[in-house]
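Below is one structure, written out as structure tokens, with a few remarks after it.
What you see is a predicted model; the values in this text were computed from it and never measured. Proteins get letters first, then strands, A, B, ... in listed order; numbering begins at 1 in each.
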Amino acid sequence: MTKAMTPPVSAPTPPGKQKFQFARYQDLALVPVIIILLIIGAVLSPIFLTPGNLIAVLTQQSELSLLVLGQAMILIVGKMDLSLESTVGLAPALAVALIIPASAGGLDVGLAAWMALPLCLLIGVAIGGLNGFLILKVGLSGFMVTLGMLTMLRGLQLAITEGKSLIDVPESFLYLGSTTWLGLPAAVWICVVCYAVGIFVLKYLRAGRSLYAVGGNSEAARAAGIRVDRVVWTVLIIGSVLAVIAGILMTGRLGSVAATQGEGMIFQVFAAAVIGGISLQGGKGTLFGALSGVLMLGLVEQILRLQGVSGFYIKASYGAVIILALIVTRFATGQKQE
Amino acid sequence: MTKAMTPPVSAPTPPGKQKFQFARYQDLALVPVIIILLIIGAVLSPIFLTPGNLIAVLTQQSELSLLVLGQAMILIVGKMDLSLESTVGLAPALAVALIIPASAGGLDVGLAAWMALPLCLLIGVAIGGLNGFLILKVGLSGFMVTLGMLTMLRGLQLAITEGKSLIDVPESFLYLGSTTWLGLPAAVWICVVCYAVGIFVLKYLRAGRSLYAVGGNSEAARAAGIRVDRVVWTVLIIGSVLAVIAGILMTGRLGSVAATQGEGMIFQVFAAAVIGGISLQGGKGTLFGALSGVLMLGLVEQILRLQGVSGFYIKASYGAVIILALIVTRFATGQKQE
Amino acid sequence: MNDFAAVARGVTKRFGRTLALDDVGIEIRAGESHALVGRNGAGKSTLVSVLTGMQVPDAGEVSFFGEPAPPVADRAAWRRHVACVYQKSTVVPELSVAENLFINRQDLGGGLISWKKLKAEAASLLETYEVAVDPDSLVSTLTVEQRQLVEIARALSIGSRFVILDEPTAQLDGPAIERLFDRMRSLQDRGVTFLFISHHLQEVYEVCQTVTVYRDARHIITAPVAEMSKPDLIEAMTGEAGGLNVPSGDDRPSSQDQVLTVSSLSGDHFSDISLSATRGEVIGLAGSASSGKHEFAETVYGLRKPSVGTISVNGSVVRGGDVPAALRAGIGCVPRDRHHQGLVLDLSIAENATMSTAGAFVWPSAQRSAGSTAIASYDVKASGPDQPVSDLSGGNQQKVVMARALAGDPSVLVLINPTAGVDVKSKESLLGVVDAQARRGKAAIVVSDELDDLRVCDRVLVMFHGSVVREFSRGWRDQELIAAIEGMSSE
Amino acid sequence: SGTGSGGVGPIGADHPRADSDFWNSYIKYFPDKAKELGINLLNPTNSQNKVETLVANAQSLQSQGAKAIVMAPQDTGAIASTLDRLDKAGIPVVTVDTRPDKGKTYMVVRADNKAYGEKACKFLGEKLGGKGKVIEFQGALSSVNGRDRSEAFAACMKKDFPGITVFEEPTDWEGPKASAALTTRLNQHPDINGIYMQAGGVFLAPTLQVLKQRNLLVPPSDPKHIFIVSNDGIPSELEAIRKGEIDATVSQPADLYAKWALFYAKAAVEKKTFSPGKTDHDSTIVDVGGGRLEDQLPAPLITKENVDDKAFWGNQI
Ligand SMILES: Nc1ncnc2c1ncn2[C@@H]1O[C@H](COP(=O)(O)OP(=O)(O)OP(=O)(O)O)[C@@H](O)[C@H]1O
Ligand SMILES: Nc1ncnc2c1ncn2[C@@H]1O[C@H](COP(=O)(O)OP(=O)(O)OP(=O)(O)O)[C@@H](O)[C@H]1O
Ligand SMILES: [Mg+2]
Ligand SMILES: [Mg+2]
């Protein structure tokens, strides 16, 4: 065929504007839910809207929120990292064990106490880097590698500490875990900063946008000149480092590293991320959405807690709320979920 | 014109045999690993190759293998069901609670004891059906719905039993969990039959083949005349029923339903399925592969157990072995994993 | 300044047992439009992926303007040398059109991304190609045509001095193709070099100066276009003499038995369409992308639910919106988008080809022999029936879709763009199959804008904005038909 | 919310978990004992075995105005900063079952887990005459109580009964793991003649099931008899002792835990003080260092001889 005359119209053009607002609206899908939860909380308990209570909710969610931040980025880039939850425990445990003497449950390596923080971060980089190596260079399934790592790192922690909690926690951790700046706990500030940076980078920097391209269609990303492997690797490392920070804050807040620190968190991490609109298929979702997922779960938990729901029913209620939240989000956004 | 009827045969069509064998070879990728494990086991412990020990391995893996069978089919069809692990506990607990009197921890409904088995299976159908409804009709994310269900069902069990183990288990369960037929435990026979049927169906029945089409590209499957929703729904229900059977066998074998029955199994289920070559992206893998994944994990565990590895190191070893297995599989099949 | 924009020498590439390129070369003179033609599976797209650094060849070297190609890892450097529209779609579906157009250069040179500026740039770029889409809409919501145009616009806007277009026209309608060619010519005037791949040989004559022919992974000839007549070109591609022979079906016996009756059918984007097809009749359906022809065809096949109206086959009504019912009634279909709806890429040729056939049991040996038959009768270039379709070249994948549509021996065929991306020789045989099926008493609807496809039809209906506006019987003239498609019918 | 608005209080409580038989009994006792003592109890929270949750729960109890808090921190290290915070807020804390590593407590109410391990060891050692093979189902090594029991059992065996080989089986408190371990060990060492299970609630049924299948549930007079000591003292264990299926269990006093925890919480609100020494309820208050008091409740060994004693909580529900 070919030869055509004058080119007339093609395809009916959708109004466009509407589409855009809809896309933005999706990000905010949980905001009404959060407001409703705040109202419910206030009705059920007089102390719910007190600053003390709200700050408590934020503080309790701060570690989870950092994990969700890391996992959300990893999910956007089209991978998963289950081992984050073990990093929360292992990194502080290992760092502390390298510092304290054997008498306090350490490894008797005797590093200086100031090294605790850098050491921790280094451990995070190493774990994320190792995951990246196994996934990208060796070509193993990301889900499975990180599942294996989850078990192995948790086991490593058990082996190092022989199951004991380490209570000789460095001052720097305790400070971060307990101090307040301008009336808000340091942990909350750290989360706020991390999220602000994350949201900014993922919206306004090319490097950040490349996460979506890689997760949405890695071949297309490669064709567009994005170094796919490098992006994935970087994101895995950042995710691990965020998990380490979460671990440090938790250690500081609780004043010790339990052998089970972080155990079971990964389910909540996924729940928050997905309820917040991050797709498990990659390439979709925003960090703001993820954050609202975290807040929603935190409020639900706090309401159940203040109501003193019997231990026998708390789990069932929590599960029911997750499903309910999914249904609400689904109809709020009008989109089928992946 | 019209030399159509005799299309110009060109394209040197090579024998094709080889490709086929390669595909089959992938299925068998774990067989050498299993053989090596058997040899290692035999070298390390004289009793390893005794029938008693091997039967013990099979029996211990029987429940896991049923879950993996269900999950493998669900994964092939492109979904996931995390709630399987809670079904393992809830279905027997609920059925038993409906039968036994309140004094023994029941609900005082007082159904007849013979109803235990059919009741259990019915509960499985209901759970699978509900999952299917929420995923297919309401359009919720499968991963998240089943994660919510996992929490909710586990919570329901807690609420029903008030956290107690139910020890008043029906005879039928105990029989299935403990009897042997032709020298092999009934549980092992049940698994063998389930797998044989599953492998046959997925290989030789159109209905079975359609799982791969749906998981590989559901739009194309729909265009090819496959009723996608019906297939997915059926597979979810079958998966739940298999989980229920696993629960019955476990209840029979352990003589009680613990409030935590099945807890933590889902990780192992995924590990076995993925190591066995089932893709988390859907449309790929075979049940035989999944079964060899189960056996592999079982042998590893048994070797660690017989070696009496200290509790402090067992978890780390197990995680390391999973990663090792992935690496071996990756190089045995020569394919990157998804 | 070097004479050659791109040179490849001694390139060999294997995929498992398939030799995709066998010691081939190509020299693309700076400033020319260079055509690369060859049958499906000849290795054209593989060469493209080597030239763009997406695949590392097993042997051979590539250079741009005399400089050796950058290392594979340095994607950004490759991108500076060459821009490309790949045969496989390389858009990110969940990102907006604007972002896809400027992917990995969203900041437009500044450090921060200004979404407003990006949107404005995108809008003006889209305007150049007269793509009427909102830059903010997600690419996943676009039609195949629109998506293709986005990819073309993107490749041409990067500012590379060497651009590769791998079958850019396969999914486009006439005006869009014309706009593309205008654009190519004006860029060429400014010194941009093109490598152009197409199965529409007349397009080669229209825009290219030099042509290279590959056959069975080997380089056959490179010559000025002016020196190659169409039969020469076809002979170089196929290795056998003789021009193209599209069956026109003039002598097909006609019959009065109605096989397919559609009465006042309305649905998505079309309304109140009635038609009937008799045994042995092939009806063409033409119209622009927005005419509703695809939606109509998909409704007949049951992929969409009609709002009113009925479809009946051999006198019995088929339940609407129900593909299995349509299949049972004897309707077979080649869907519009082979990646999306046509194939399960991870499954084998045999499995894809037999996917729609009934029968509770699947005997692997029977399935494989059905696969082998399909490979032979549709001229698929593959290593065997067990090869996954993901390994096939684009045109060969299309043939597998055709095999699937015909597998159940349907009495009505609904074929949407059946020869998209199929080489000339294979097109001849696929259209031959349609003709042969009609002679066996089947009825067929061919939805296409390819005039070659429509020539096999007994009559051609032209749709515009959801209704049939004209009908042509055999013997229509090209200009007339095209004018009608564009909505300028002078009845 | 809470039980009655009169009475002393309000007193807050956090329960450690809801999925174990022992703790469920404890939870069940709680409201009744509160009523008996005339305590105004806030709705108890449940930390589901997670210290993060416990910390959050404590905070929420505090903000609900609790005058004293009863908790059972399963992680004895991680609770320290919470104890400090509560101390600063002037809220006394009674811990049950575990003794926090650091931080101020008004009273610790517990039976000594080390004593459990030792009692089990002594019983088995004597019954086996100092030689044989014993299998031990350990709890989770990450739980203090599990570890205490394991360590005490191991130390006692090494010191007093070096002729006994002990197979330590890590189970993470999971029945299937215990069942698998037992099967494997019996294959390997058919002459195993003793079992110590650290938690009757989880291990009892699976163990009996394996032994039944192998026809090893035989009376002590039979040389094939395997001596079994359990831990917890829940009703099903007592039943098993009566039937002769197991030989003994260390009763972990769920009722006394609830009763004395609430008692001391009330006393704390009433600003009473206690000093080390014998108490009126068969226990001893000891100063475990730094003025921290611990009421060490008796954890009697229940055997066939005393199994019907009504004083055991397992016989009261
Ligand atoms: N990833 C791959 N794995 C295996 N084989 C492949 C792969 N890509 C291409 N091939 C094979 O290499 C050969 C050349 O394919 P290529 O895509 O280059 O053909 P083409 O000339 O572009 O054909 P078409 O005109 O149909 O697009 C084909 O036989 C094809 O099956
Ligand atoms: N997963 C479980 N399922 C059922 N019961 C359990 C489980 N884990 C522990 N238990 C029971 O709950 C009790 C307390 O469990 P926990 O994890 O606190 O161990 P522990 O502190 O050593 O036990 P205890 O509190 O009884 O001293 C155990 O003695 C055991 O009977
Ligand atoms: Mg191609
Ligand atoms: Mg305890």
If you draw a 6.0 Å radius around NZ in A:Lys79, do more than 12 non-hydrogen atoms from other residues or ligands fall strictly inside? no
A:Leu326 versus chain B, the contacting section by heavy-atom distance below 4.5 Å: both
Under 4.5 Å, heavy atom to heavy atom: which of residues 315-325 of chain A reach chain B? Give them by number, or say none. A:Lys315, A:Ala316, A:Tyr318, A:Gly319, A:Ala320, A:Ile322, A:Ile323
Heavy atom to heavy atom, less than 4.5 Å: which residues from residues 148-157 of chain A reach chain B? A:Gly148, A:Met149, A:Leu150, A:Thr151, A:Met152, A:Arg154, A:Gly155, A:Leu156
Please give me the minimum heavy-atom distance between B:Met144 and A:Phe270, naming the atom from each residue. SD-O, 3.8 Å
Under 4.5 Å to a heavy atom of chain B? For A:Glu263 that would be side chain
Do A:Phe267 and B:Ile266 touch side chain to side chain, with heavy atoms closer than 4.5 Å? yes
Honestly, the part of B:Leu147 sitting under 4.5 Å from a heavy atom of chain A is side chain
Give a yes or no on this: more than 12 heavy atoms of other residues, nucleotides or ligands lie within 6.0 Å of atom CZ of A:Arg230. no
When rounded to the nearest 0.5 angstrom, what distance separates OG in B:Ser141 from CD1 in A:Ile275? 9.5 Å
Need one label for B:Leu136: side chain, backbone, both or neither, based on atoms under 4.5 Å from any heavy atom in chain A. backbone
Centroid-centroid distance, A:Phe143 to B:Phe143, less than 6.0 Å: no
Could you give the distance from CD1 (B:Ile327) to CG (A:Leu134), rounded to the nearest 0.5 Å? 5.5 Å
